[in-house]
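By convention in this document, chain letters (A, B, ...) are assigned in the order of the sequence lines, proteins followed by strands, and residues within each chain are numbered from 1.
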Amino acid sequence: MEQVKTEQTATRQGAGEQAIIKQTVTEQTAAGQTVTEQITAEQRIVILQDVIPTMMEWYRRTARDLPWRERPEAYRVWISEIMLQQTRIEAVKPYYDRFLKQFPGVRELAEAPEEQVLKCWEGLGYYSRARNLQKAAILCMENYGGELPASYEELKALPGIGNYTAGAVASIAYRIPVPAVDGNVLRVLSRVFADSRDISRQSIKTETEKLLLSVIPQDAPGAFNEAIMEIGETICIPNGFPLCEQCPLAARCLARERGEQELYPVKAPKKERRKEEKTILVLLCQGMAAVRKRPAKGLLAGMYELPWMSGYLSQEEIADCLQLSNASAGEVLSSISYMGAAKHIFSHVEWHMKGYMIQTEAPIPGDWEYVPIPELKEKYPIPNAFSAYTEGLL
DNA sequence: CAAGCGTGGGA
DNA sequence: TTCCCAAGCTT
């Protein structure tokens, strides 16, 4: 955990009174914001050490049966943790089973064509996860004899594995006592400590890792990490009021003691999404549809997409764009049909789309390829962003 | 540090 | 409908 750097607990001046603060003190800044003083690192350690036995007992009693908990081998834990990044358990389950069946181990994953891995990931989102997964598998074949390395630092050096995932794999699969700080952990602890600092700040994550490293049970680090996360997901929930009466941390939770559960966690507001207008083309020809591969970097990297053009184009403008001879332009204009509008929301951008189907006798040349529709369905990874226009075909 | 990177489910 | 977001990582 050498990446964990020391950070002072945020306080105002007057370190002398810091040690004896019991009540939260608020003050007004010049800007008029309310600043809440935080409890000290020492106080946090005391609270955690007090509740850990209760929490571990709670987890032994109530841990859910999840597919990746059946056999906690490093490879399986790794796959599950990557899939679970920013993704709900229910969404992951079917993908996890299918992925492990198709790629049972590091070797199978390393040797597969990238498009096959992306196809298996199709619909799960954040596709760089799948590409990094395979890059890491190849590195494991080259450098670690086809196994995942059994140290936090080596895990973290693999593509797609950051602090959280390295901690999760190391603690769950290898029983290495390192924390795994995710959004659940930050939310739970922000409430337990009544911490009003923005949990999206990297410095808070680093401070939390350092704190948990000092209290994590040496004999059950994986269960400890999973226990806090499970509390966050089932009790100390993000949406709605936490179910404190069931919580093994309730006895020492400052937010609950103060009746201020709804004040935490504090998160910075999200940035507004930009909007993009697109004209989507469903080009059909003799049982084939046109698709093209997206660039290797950026949004939906490496995935296939329907041809599209920026902006909302009229049918005449579409025909012009296709740069056809006069004869085939007539065919296009007579066969083109409007498929309706659709919207797809990504995390940082919205696509507002209008789709047109164009069925021709001969393929329309362009920066796309016509692929037989069954093959498209079987082999080509296409993101859900286009589902409004592909579902009818497939 | 901030921004880019998917998707589907629930309030 | 609209908004929130969920077991993060990379650049």
Side-chain angles (χ1 to χ4, degrees), chain A residues 3 5 63-64 66-69 77-96 118 121-133 135-136 155-169 171-172 179-188 198-206 208-209 222 224-234 236-241 262 265 267-276 294-303 305 343-351 381-388:
Chain A
Q3 86 295 347
K5 62 186 175 205
R64 293 168 297 175
L66 297 172
W68 39 90
R69 288 181 177 169
V77 173
W78 175 43
I79 301 300
S80 71
E81 292 299 343
I82 299 294
M83 286 187 171
L84 285 163
Q85 290 171 3
Q86 303 287 286
T87 310
R88 296 173 185 283
I89 287 176
E90 289 310 312
V92 165
K93 280 180 180 174
Y95 284 87
Y96 179 76
L118 283 174
W121 207 270
E122 181 185 74
L124 197 54
Y126 285 139
Y127 298 98
S128 67
R129 293 185 293 176
R131 296 183 300 133
N132 283 333
L133 212 42
K135 287 179 195 164
L155 286 165
K156 189 168 143 49
L158 292 170
I161 299 186
N163 285 19
Y164 164 77
T165 307
V169 175
S171 64
I172 296 170
V181 174
D182 71 341
N184 284 314
V185 174
L186 291 168
R187 180 177 58 259
V188 170
D198 180 357
I199 63 169
S200 59
R201 286 168 50 192
Q202 179 57 45
S203 61
I204 304 299
K205 292 178 191 166
T206 304
T208 302
E209 287 171 341
F224 172 82
N225 286 329
E226 294 205 79
I228 306 192
M229 288 190 281
E230 189 124 327
I231 288 170
E233 190 169 303
T234 63
C236 202
I237 52 181
N239 299 310
F241 205 82
E262 74 283 4
K267 294 177 85 167
K270 292 198 172 174
K271 225 189 67 171
E272 193 172 348
R273 281 186 294 265
R274 70 175 183 274
K275 294 173 175 55
E276 293 181 3
R294 288 181 62 87
K297 290 181 181 292
L299 183 65
L300 304 171
M303 302 290 283
E305 65 178 2
K343 181 170 66 172
H344 189 82
I345 301 176
F346 298 93
S347 42
H348 63 297
V349 62
E350 292 182 21
W351 281 3
I382 301 175
N384 283 4
F386 296 94
S387 62

What's the spacing between A:Asp182 CG and A:Asn163 CG if we round to 0.5 Å?
-> 12.0 Å

Among the nucleotides B:dT7, C:dC5, B:dC1, which one has an atom lying closest to any side-chain atom of A:Asn384?
-> B:dT7

Taking only the side-chain heavy atoms of A:Arg201 (C-beta and beyond), determine which of C:dA6, B:dC1, B:dG4 contains the nearest atom.
-> B:dC1

Interatomic distance, A:Arg294 CZ vs B:dG4 P [rounded to whole Å] | 15 Å

Which of B:dC1, C:dT2, C:dC5 is nearest the side chain of A:Lys343? It is C:dT2

Between B:dG6, B:dT7, C:dC5, spot the one nearest the side chain of A:Ala385, thanks.
-> B:dT7

Which is true for A:Trp68 with a 4.0 Å heavy-atom rule: it touches a base, it touches only sugar-phosphate, or it touches nothing?
-> base

Would you mind classifying the nucleic acid contact of A:Thr165 as base, sugar-phosphate or nothing, using non-hydrogen atoms under 4.0 angstrom?
-> sugar-phosphate

Nearest whole angstrom, please: distance from the C1' of C:dG8 to the NZ of A:Lys267.
-> 11 Å

Mapping A:Gly125 and A:Gly240 to their closest nucleotides on DNA chain B, which lands nearer the 5' end?
-> A:Gly125

Looking at the rings of A:Trp121 and A:Tyr95, which for Trp means the six-membered one, are their centres under 6.0 Å apart?
-> no

Out of B:dT7, B:dC5, C:dC9, whichever nucleotide has its closest atom nearest the side chain of A:Tyr126 | B:dC5

Taken to the nearest whole Å, NE2/A:His348 to C1'/B:dT7 is 13 Å

Sugar-phosphate, base or nothing in reach of A:Gly123, heavy atoms under 4.0 Å | sugar-phosphate

Given that A:Leu299 and A:Ser200 both sit by DNA chain B, which one's nearest nucleotide is further toward the 5' end?
-> A:Ser200

Which residue lies more 5' along DNA chain C, comparing A:Ile161 with A:Ile345 via nearest heavy atoms = A:Ile345

Please work out if A:Glu90 contacts a base, only the sugar-phosphate, or nothing of the nucleic acid, heavy-atom cut-off 4.0 Å.
-> nothing

Nucleotide B:dC5, atom P - distance to CD of A:Glu276 in whole Å = 9 Å

Across the strands shown, which category fits A:Ile82 at heavy-atom distances under 4.0 angstrom: base, sugar-phosphate, nothing?
-> nothing

How long is the line joining CZ of A:Phe241 and C1' of B:dG10, in whole Å?
-> 19 Å

Rounded interatomic separation in angstrom, taking CD from A:Glu122 and P from B:dG6 | 14 Å

In terms of side-chain heavy atoms of A:Asn132, which of B:dA3, C:dT10, B:dG6 is nearest?
-> C:dT10

So what does A:Arg187 touch, heavy atoms closer than 4.0 Å: a base, only the sugar-phosphate, or nothing?
-> sugar-phosphate

Taking atom types as they are modelled, is there a donor-acceptor pair under 3.5 Å from the base of B:dG6 to the side chain of A:Thr87?
-> yes

Between A:Ile237 (CD1) and B:dA11 (P), how many Å, whole number?
-> 9 Å

Looking only at side-chain atoms of A:Lys271, point me to the closest of C:dA6, B:dT7, B:dG4.
-> B:dG4

Checking salt bridge (Lys or Arg N to Asp or Glu O under 4.0 Å) for the pair A:Arg69/A:Glu230: CA distance, chi angles, key distance, verdict?
-> CA-CA 13 Å; A:Arg69 288 181 177 169; A:Glu230 189 124 327; 2.7 Å; yes

Against the side chain of A:Asp182, the closest entry in C:dG8, B:dT7, B:dC5 is C:dG8

Atom NE2 of A:His344 and atom P of B:dG9: how far apart are they, to the nearest Å?
-> 13 Å

Which atom of A:Ala296 lies closest to which atom of A:Arg131, heavy atoms considered = O-NH1, 3.2 Å

Interatomic distance at P, C:dT2 relative to B:dG6, whole Å | 24 Å

Considering only side-chain heavy atoms of A:Asn239, which listed nucleotide, B:dC1, C:dC5, C:dC9, is closest?
-> C:dC5

Out of A:Tyr164, A:Trp68, A:Tyr96, which one pairs with A:Leu84 under the side chain to side chain contact (heavy atoms under 4.5 Å, CB included) rule?
-> A:Trp68

Of the candidates C:dG8, B:dC5, B:dT7, the side chain of A:Tyr127 sits closest to B:dT7

So what does A:Gln202 touch, heavy atoms closer than 4.0 Å: a base, only the sugar-phosphate, or nothing?
-> sugar-phosphate

Which is true for A:Leu66 with a 4.0 Å heavy-atom rule: it touches a base, it touches only sugar-phosphate, or it touches nothing?
-> base

Take A:Ile161 and A:Glu81 through the test side-chain contact (heavy atoms from CB on, under 4.5 Å) and record every step on the way to the result.
-> CA-CA 9 Å; A:Ile161 299 186; A:Glu81 292 299 343; over 6 Å; no

Would you find more than 12 non-hydrogen atoms of other residues, nucleotides or ligands less than 6.0 Å from A:Glu262 atom CD?
-> yes

